[in-house]
Amino acid sequence: MSAASAGVSTYQAIYAVVRRIPRGRVASYGQVAGVAGLANAARQVGYALHALPAGSAVPWHRVLNARGAISLPGYHGVTQRLLLAREGVRFDARSRVDLAQFGWRPRRSPPSGRKGRS
DNA sequence: CTAGTGACCCAAC
DNA sequence: GGTTGGGCCACTA
């Protein structure tokens, strides 16, 4: 059952999913949102992580965007990259991670099927 | 209650 | 290949 439907706050649900990400692996915002029960709420994952206090037990640095790149601006972005590098995650010349290898693959219903544009 | 914003995502141009 | 535009949901004012 999804943490969101378990009566837990949205933030807590997101944090719970991020906390499940194994070391040396990365997940996308949309993927975390899907597992957390917020299928199309990838933005809220970023919003929740943005509100995440420093020093928390949540490995927020393992969360990247759908392209495997860091969306975080400035200082935090560099910090995230260093933390991932410390866990063995390699970035390519374009500062992107190979999701085919480092991407986290939970057994949940993957968020697929979007409308996009008219 | 409405309006604005965002560490996003996807499809079309 | 990069750029543009729209849409989703949750939170704050």
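Throughout, a chain's letter reflects where its sequence line sits, starting with A, and its residues are numbered from 1. Worth saying up front: this structure is predicted, and the values here are computed from it rather than measured.
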Next on the checklist: Please enumerate all residues that pass side-chain contact (heavy atoms from CB on, under 4.5 Å) together with A:Leu72, with sequence neighbours excluded.
Outcome noted: A:Trp60, A:Ile70, A:His76, A:Gln80
Next on the checklist: Counting only heavy atoms and a strict 4.0 angstrom limit, can you tell me which residues of residues 61-71 of chain A come near DNA chain B?
Outcome noted: A:Asn65, A:Ala66, A:Ser71
Checklist entry - Starting at CG of A:Asn40 and ending at P of B:dA11, how long is that distance when rounded to a whole Å? => result 12 Å
Item to check | Closest to the A:Trp60 side chain, choosing from B:dC8, B:dA7, C:dA10 | outcome: B:dA7
Next on the checklist: Between A:Arg62 and A:Glu87, does any NZ, NE, NH1 or NH2 come within less than 4.0 Å of an OD or OE carboxylate oxygen?
Outcome noted: yes
Item to check | Within 6.0 Å of CZ in A:Arg96, more than 12 heavy atoms from elsewhere | outcome: yes
Item to check | Atom pair distance, as rounded to whole Å: CD1 in A:Ile21 and P in B:dA7 | outcome: 18 Å
Checklist outcome for this item: Out of C:dG2, C:dA10, C:dG7, minimum distance to the side chain of A:Arg43 belongs to C:dG7
Item to check | Spacing between A:Gln31 atom CD and B:dC10 atom P, to the nearest angstrom | outcome: 11 Å
Checklist entry - Would you find a donor on one side and an acceptor on the other, under 3.5 Å apart, between the side chain of A:Ser28 and the backbone of A:Gln31? => result yes
Item to check | A:Tyr15 side chain to A:Leu49 backbone, donor-acceptor under 3.5 Å | outcome: no
Next on the checklist: I need the OH-P distance between A:Tyr29 and C:dG7, as an integer number of Å.
Outcome noted: 24 Å
Checklist entry - Under the 3.5 Å rule, do the base of C:dA10 and the side chain of A:Tyr11 count as making a donor-acceptor pair? => result no
Checklist entry - Tell me: CG of A:Leu38 to P of C:dC9, nearest whole Å? => result 10 Å
Item to check | Rounded distance in Å - CG (A:Leu49) to P (C:dC11) | outcome: 13 Å
Checklist entry - Tell me: OH of A:Tyr47 to P of C:dC11, nearest whole Å? => result 9 Å
Next on the checklist: Is it the case that atom CZ in A:Arg86 sees more than 12 heavy atoms from other parts of the structure closer than 6.0 Å?
Outcome noted: no
Item to check | Distance in angstrom units between A:His50 NE2 and B:dA7 C1', rounded | outcome: 7 Å
Item to check | With A:Ala42 via side-chain contact (heavy atoms from CB on, under 4.5 Å) - residues at least two apart | outcome: A:Tyr29
